[in-house]
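Letters A, B, ... mirror the listed sequences (proteins, then strands); counts begin at 1.
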Amino acid sequence: MPAGTLYRGREGMWSWVAHRVTGVLIFFFLFVHVLDTALVRVSPEAYDDVVATYKTPIVALLEYGLVAAILFHALNGLRVIAVDFWSKGPRYQKQMLWTVMGIWVVLMAGSVYPVLGHAARELFGS
Amino acid sequence: MSTDTTSAIGPVEGGAHYDVDNPAPYIEAPRKRTGRTPKATRGNFEMAAWLFMRLSGIVLVVLVLGHLLIQLFLDGGVSKIGFAFVAGRWASPFWQVWDLLMLWLAMLHGANGLRTVINDYAERANTRLWLKGLLYTATVFTILLGTLVIFTFDPNIR
């Protein structure tokens, strides 16, 4: 560890870094998402045109990334709440992080087909 | 030196608590509220913000994961989304309230998170001021725009 830093490494710091990074990314998406949804007040065509780009394979991959970021932020957020409010939370913070990562991996594996299935059919034919 | 024994630790509230019979110097407990502590410092805003992040976070887990499930996972995922789909969902006050609550909580939760990030990394006061000004402007604009869209949605716009 370099001198003069508060960073301690390991599970605690890296989950905190990942929580920040995913949080900022989700917030920027949210801003764009409210703007694109506002197009329903312009015309059905304007809205459908923009949503059509959301159905392309490349954006489908971004949507999978969005799901990944949101699921991590949600699960780790519940862990942060447990650390803050559960009397044994700080003692089990590492175990809870690995539980979060386990649930996250399972949910991400389960999300492959629902989120990316249509992109695969478009790219490789159905 | 022998007469002014308080000088080494500064003036202590209540005057000198020690003398010839009680020679140990009295040291105030750290951060003890004394008569000289300002009454109103920063209020409880940071504590309220901290609590809001946790409470809104719990609600958002339900609202956002439900939203993702409907929009990206069920009934063909993103392929089904279009103006007609939005019109169908916002025909119900339940989903209007769901989306309105999600918009407000998510924007405030995200804005407060970004406020914390700016406070942590922008070291110059001027940079912090400008970044937070931009953040608050974008947040108010987005919340008002989204609220307006939900309340004024017209399925027969064309």
Side-chain angles (χ1 to χ4, degrees), chain A residues 6 19-35 37-56 59-60 63-64 66-67 70-71 73-78 80-85 107 110-111 113-119 121-122, chain B residues 50-51 53-58 60-62 64-65 67-69 71-87 90 99 102-103 106-107 109-114 116-118 120-121 135 138-139 141-150 152-158:
Chain A
L6 286 169
H19 204 75
R20 293 211 141 174
V21 172
T22 52
V24 171
L25 291 174
I26 294 163
F27 187 68
F28 285 149
F29 165 76
L30 178 60
F31 182 65
V32 175
H33 183 48
V34 173
L35 293 181
T37 305
L39 288 173
V40 295
R41 289 298 294 128
V42 176
S43 74
E45 292 76 20
Y47 181 74
D48 287 346
D49 279 352
V50 169
V51 171
T53 64
Y54 286 3
K55 302 174 184 178
T56 59
V59 182
E63 280 152 9
Y64 190 70
L66 178 72
V67 171
I70 288 175
L71 279 178
H73 200 86
L75 294 168
N76 190 56
L78 294 175
V80 169
I81 291 169
V83 170
D84 285 347
F85 291 104
L107 291 177
S111 303
Y113 181 75
V115 177
L116 294 172
H118 70 95
R121 275 191 296 279
E122 188 176 317
Chain B
W50 176 88
L51 193 60
M53 292 307 264
R54 275 126 191 98
L55 295 178
S56 62
I58 293 174
L60 280 168
V61 167
V62 177
V64 172
L65 293 189
H67 179 74
L68 275 183
L69 194 66
Q71 305 290 325
L72 286 182
F73 288 75
L74 303 177
D75 299 324
V78 74
S79 310
K80 64 174 180 289
I81 299 177
F83 185 85
F85 184 75
V86 175
W90 277 348
D99 286 355
M102 185 164 60
L103 170 77
M107 283 306 297
H109 186 100
N112 190 52
L114 228 65
T116 310
V117 170
I118 292 170
D120 278 357
Y121 299 118
L135 171 69
T139 301
F141 171 77
T142 310
I143 289 178
L144 290 181
L145 176 70
T147 305
L148 187 80
V149 167
I150 292 173
T152 66
F153 178 72
D154 175 13
N156 306 311
I157 189 170
R158 181 83 19 115

Toward chain A, the part of [X] with a non-hydrogen atom under 4.5 Å:
| X | answer |
| --- | --- |
| B:Leu55 | neither |
| B:Leu103 | side chain |
| B:Leu65 | side chain |
| B:Leu72 | both |
| B:Thr152 | both |
| B:Ala138 | both |
| B:Val86 | side chain |
| B:Met107 | both |
| B:Leu69 | neither |
| B:Phe85 | neither |

Counting heavy-atom pairs under 4.5 angstrom with chain B, the leader among A:Ser111, A:Gly117, A:Ala46, A:Gly23 is A:Ser111
Could you tell me which portion of [X] (side chain, backbone, both or neither) has an atom closer than 4.5 angstrom to a non-hydrogen atom of chain B?
| X | result |
| --- | --- |
| A:Tyr113 | neither |
| A:Arg20 | side chain |
| A:His33 | side chain |
| A:Val50 | neither |
| A:Leu71 | side chain |

Measuring only between side-chain heavy atoms, which start at C-beta, is B:Ile157 closer than 4.5 Å to A:Pro44?
yes
Would you indicate whether the side-chain heavy atoms of B:Asp154 and A:Val40 approach each other to under 4.5 Å?
no
Mind ranking B:Gly146, B:Gly113, B:Ser79 by heavy-atom pairs under 4.5 Å with chain A and telling me who comes out on top?
B:Ser79
So, A:Asp48 side chain and B:Phe83 main chain: donor-acceptor pair closer than 3.5 Å or not?
yes
Atom CG of B:Leu114 and atom CZ of A:Phe28: how far apart are they, to the nearest 0.5 Å?
5.5 Å
Before you tell me yes or no, could you show the steps for A:Leu35 and B:Thr142 under side chain to side chain contact (heavy atoms under 4.5 Å, CB included), namely the whole-Å CA-CA distance, both residues' side-chain angles and the distance that decides it to 0.1 Å?
CA-CA 8 Å; A:Leu35 293 181; B:Thr142 310; 5.7 Å; no
Determine the minimum heavy-atom distance between [X] and [Y], stating which atoms define it.
| X | Y | result |
| --- | --- | --- |
| B:Trp90 | A:Thr37 | CH2-CG2, 3.9 Å |
| A:Lys55 | B:Ile81 | NZ-O, 2.6 Å |
| B:Ala106 | A:Leu30 | CB-CD2, 3.6 Å |

Does the plane of the ring in A:Phe85 sit parallel, tilted or perpendicular to the ring in B:Trp50? Use 30° and 60° as the thresholds.
tilted
